Amino acid sequence: MQKTWKQMLVVATVLMSANSLAATGTTAAYQLQTAAADKEGDASKIPLRARYTKYEYQIPMRDGVKLYTVVYVPKDKSKTYPFLMNRTPYGSGVFDKEGSHYGVDFFPASLGTKEMEDSGYIFVRQDVRGRYLSEGVWQEMTPHGKKTHAPGEGNESQDMYDTVEWLLKNVRGNNGNVGIWGISYPGFYTSASIIDSHPAIKAASPQAPITDLFMGDDSYHGGAFMLAANFDFYASFNKEQNPTPLPKKWEKFDYGTEDAYQFFLSKLTLPNILASLTDKQRAYFAPTIEHNTYDEFWKIRNLAPHLKNIKAAVLTVGGWYDAEDLQGPLSTYSNIKKNNPGTFSGLVMGPWVHGGWARYDGEKLGHVQFDSKTGDYYRKNILFPFFELHLKGVVGKPIPEAQVFETGSNIWRSYAAWPPKEAQIRTLYFAEHGQLTWSAPAVSKSDSSTYDEYVSDPKKPVPFISYPATGAPQEYMVSDQRFASTRPDVLVYQTPVLEQDVTIAGPVNPKLFVSTSGTDADWVVKLIDVYPDEYPSLPPSTEKRNDVAPPETQLAGYQQLVRGGPLRGKFRHGFETPEAFTPGKIESINYQLPDINHTFRRGHRIMVQVQSSWFPLVDLNPQKFVNIATAKPEDFQKATQRVYHSREQSSGIEVHVLPN
């Protein structure tokens with residue numbers, strides 16, 4: 001098989017040399033087809049293969065490793081085009097229902113946005129080092145500052161530099177400019193590729209870029225392991241002996257049930273959960289569990305401090321409801337801005353799930369409405385003009401530094417920086433009888449009513465959704481929390497009905513005074529938008545029935561999750577060295593949740609829920625100070641948790657509020 005692929009790439013190389021010889025004929029054919037399409041009113045109706053020619057190459061790096069690269073060149077040779085690259089560990093093959101396919105005869109359904117395809121770019125896709133048809137050794141979040149490399153290991157910035165050099169010299173019809181973009185892991189490769197960037201790279205858009213896996217991206221949030229999503233991912237993302245076109249498709253893990261809550265609870269411990277996987281599935285997954293403090297394994301993979309000497313304009317994109325990489329875009333934007341004065345560092349945040357801006361309308365998420373097609377708006381009016389400006393010199397409207405969608409009020413806002421400088425820091429305080437108020441409590445800690453308590457049982461954990469599912473359903477980021485607010489192991493605090501809009505723009509910082517009867521505990525804080533008791537109903541189902549219909553969801557009183565996240569209590573003083581709790585001792589815990597840009601509308605309420613499990617989104621804390629990666633079933637125990645709200649020990653959440 002490897003020999004066959006090498007032969008095919010040789011043929012592709014020969015075809016590339018014939019490209020310039022056939023220029024006149026292909027341009028004429030393209031112009032005829034374009035004229036016919038224009039007559040019909042839409043040039044984009046021409047199939048991609050009629051507008052682009054596909055080539056495949058093995059591009060040599062400075063250490064001799066060759067990277068598989070596929071190039072789609074416009075057939076119209078009447079002008080030159082910039083390169084627009086995507087570097088990925090997920091395969092540059094063409095995907096259909098049968099899996100991925102390599103070879104020049106396979107074309108994808110799209111290469112970029114409709115506007116990009118119509119305008120014309122030389123689209124480039126590359127398998128990164130060690131994945132699919134590329135040679136070399138793959139590394140999780142390729143450590144940029146690694147001083148020595150094993151044979152086959154590389155550096156993403158250098159691989160990008162060498163690739164750009166080769167493309168500029170060997171692909172005719174280019175205008176000398178290069179852009180790069182990618183979502184999720186390709187977002188990381190976008191960021192890593194522009195460090196010490198090649199001078200031809202003029203524009204980059206890291207989208208949902210993984211930046212620091214332990215500090216808020218895929219693997220850990222607040223020191224707690226994101227179990228459901230990581231198990232689902234690593235059960236399918238496995239090591240293969242490359243170069244290879246395999247796997248053609250990712251096989252879904254067989255849970256034996258549609259309810260991951262029951263699956264993981266039956267395993268209880270991380271060793272039992274790992275035992276349900278094969279050796280191949282554990283190869284990438286196990287290290288993320290074993291390294292459960294912020295040790296050197298994670299530090300060398302943190303890209304943020306290396307985002308320097310970037311000369312390209314950067315537009316970082318993320319989603320307010322991205323369950324995987326919400327923190328990454330915020331960290332990437334701020335670090336590029338801080339480390340590269342004079343370089344444009346822009347931020348776009350919309351009401352989207354992971355990568356939703358690229359493939360969805362963006363008009364709603366679950367039951368939550370956004371009132372317009374935000375995805376379409378972004379693709380046409382933000383992303384496309386950015387690349388046109390920096391790669392082709394097409395001047396349009398000025399691009400603001402921060403373009404963010406304000407949920408709740410459902411409107412796009414532009415700011416000179418993010419978070420907005422005009423936002424004022426305020427605190428919502430917990431108070432007796434479940435009150436949430438802007439005023440600090442006046443009651444002294446000597447009063448017996450200055451704390452609330454609940455019993456947390458790791459064998460009956462609080463679920464993160466109210467319905468059965470596997471993985472981490474994307475809807476959970478706005479899911480109705482009414483099911484949780486009635487549980488005895490969840491504390492609830494809420495404001496009176498708001499008399500005016502309250503817009504929170506920036507990070508959400510829980511600041512709690514707590515105690516536990518155990519020696520470790522998780523603290524999960526959720527910020528919630530409570531809809532009025534009178535609220536428009538959802539459109540009725542159009543399905544014709546002659547039976548009793550299931551009950552429809554009512555949005556009156558809906559408790560929409562706006563932001564939530566855990567802190568593993570043992571990390572309250574830092575993520576490198578865990579510390580046990582002393583049972584009954586009151587301690588302060590402070591941590592940060594990712595930013596929001598949300599308006600709580602007049603007539604709504606603001607609610608905060610506090611709990612000690614969020615399962616199986618987050619792995620179980622035994623509530624006993626042990627290494628959770630090796631915890632035994634007998635380590636899991638009930639604990640009584642207290643949250644205090646006196647004048648001296650005032651708990652609440654610190655937020656950034658915009659003036660009305």
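What you see is a predicted model; the values in this text were computed from it and never measured.
Between Arg487 and Pro463, the shortest heavy-atom distance links the atoms NH1-CD, 3.5 Å. When all heavy atoms of Phe225 and Asn230 are compared, the pair lying nearest together is CZ-CB, 3.7 Å. Taking all atoms of both residues into account, the shortest heavy-atom contact from His354 to Arg359 is O-NH2, 3.1 Å.
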In residues 405-420, what donor-acceptor pairs under 3.5 Å come from side-chain atoms, sequence neighbours left out?
| residue | atom | partner | partner atom | Å |
| --- | --- | --- | --- | --- |
| Glu406 | OE1 | Arg413 | NE | 3.1 |
| Glu406 | OE2 | Ser409 | OG | 2.4 |
| Glu406 | OE2 | Arg413 | NH2 | 3.3 |
| Glu406 | OE2 | Thr599 | OG1 | 3.0 |
| Thr407 | OG1 | Asn597 | O | 3.2 |
| Thr407 | OG1 | His598 | ND1 | 2.8 |
| Asn410 | OD1 | Gly408 | N | 3.4 |
| Asn410 | ND2 | Gln369 | O | 3.1 |
| Asn410 | ND2 | Asp371 | OD2 | 2.9 |
| Trp418 | NE1 | Asp595 | OD2 | 2.7 |

Return a table of donor-acceptor pairs under 3.5 angstrom between the side chains of residues 216-223 and protein atoms on other chains or two or more places apart.
| residue | atom | partner | partner atom | Å |
| --- | --- | --- | --- | --- |
| Asp217 | OD1 | Gly328 | N | 2.9 |
| Asp217 | OD2 | Thr211 | N | 2.7 |
| Asp217 | OD2 | Asp212 | N | 3.0 |
| Tyr220 | OH | Thr288 | O | 2.7 |
| His221 | NE2 | Gly216 | O | 3.1 |
| His221 | NE2 | Asp217 | O | 3.0 |

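At least one side-chain heavy atom of Thr316 sits less than 4.5 Å from a side-chain heavy atom of Pro329. Proximity of Ile528 to Val530: side-chain heavy atoms (C-beta onward) are separated by under 4.5 Å at one or more points. Looking only at side-chain heavy atoms (C-beta outward), Phe483 and Gln559 stay at 4.5 Å or farther from each other.
Screening residues 530-539 for side chain to side chain donor-acceptor pair (under 3.5 Å) gives Tyr531-Gln560 as the qualifying pairs, with residues at least two apart or on separate chains.
To the nearest 0.5 Å, the span separating NE2 on His433 from OH on Tyr493 amounts to 12.0 Å. We find the CZ-CG distance between Phe575 and Asn292 to be 12.5 Å, quoted to the nearest 0.5 Å. Of the inter-residue distances, the one linking Glu654 atom CD with His656 atom NE2 reads 6.0 Å to the nearest 0.5 angstrom.
Between Phe214 and Phe571, the angle of the ring planes goes over 60°, which puts this pair in the perpendicular group of the 30/60° scheme.
When each of Trp352, Tyr360, Phe386 is checked for a ring pair (Phe, Tyr, Trp, His ring centres under 6.0 Å) with Tyr378, only Trp352 meets the rule. A side-chain contact (heavy atoms from CB on, under 4.5 Å) with Trp357 is found for exactly one of Val348, Ile382, Asp322, Leu383, namely Asp322.
Sparse packing is recorded around CD of Glu258, with 12 or fewer heavy atoms of other residues, nucleotides or ligands lying under 6.0 Å away. Heavy atoms from other residues, nucleotides or ligands lying under 6.0 Å from CZ of Arg482 number more than 12.
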Check against salt bridge (charged side-chain N to carboxylate O under 4.0 Å, His left out), Asp501 and Arg602: CA-CA 5 Å; Asp501 288 359; Arg602 180 177 181 272; over 6 Å; no

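Taking the six-membered ring wherever Trp is involved, the centroid distance between the rings of Phe231 and Tyr255 falls below 6.0 Å. Between Tyr261 and Phe615, the distance from one ring center to the other falls under 6.0 angstrom.
Ion pair Lys570/Asp522 not flagged as a salt bridge, since none of the NZ, NE, NH1 or NH2 atoms sits closer than 4.0 Å to an Asp/Glu carboxylate oxygen.
In terms of modelled atom types and a separation under 3.5 Å, the side chain of Arg572 and the main chain of Gly569 share a donor-acceptor contact.
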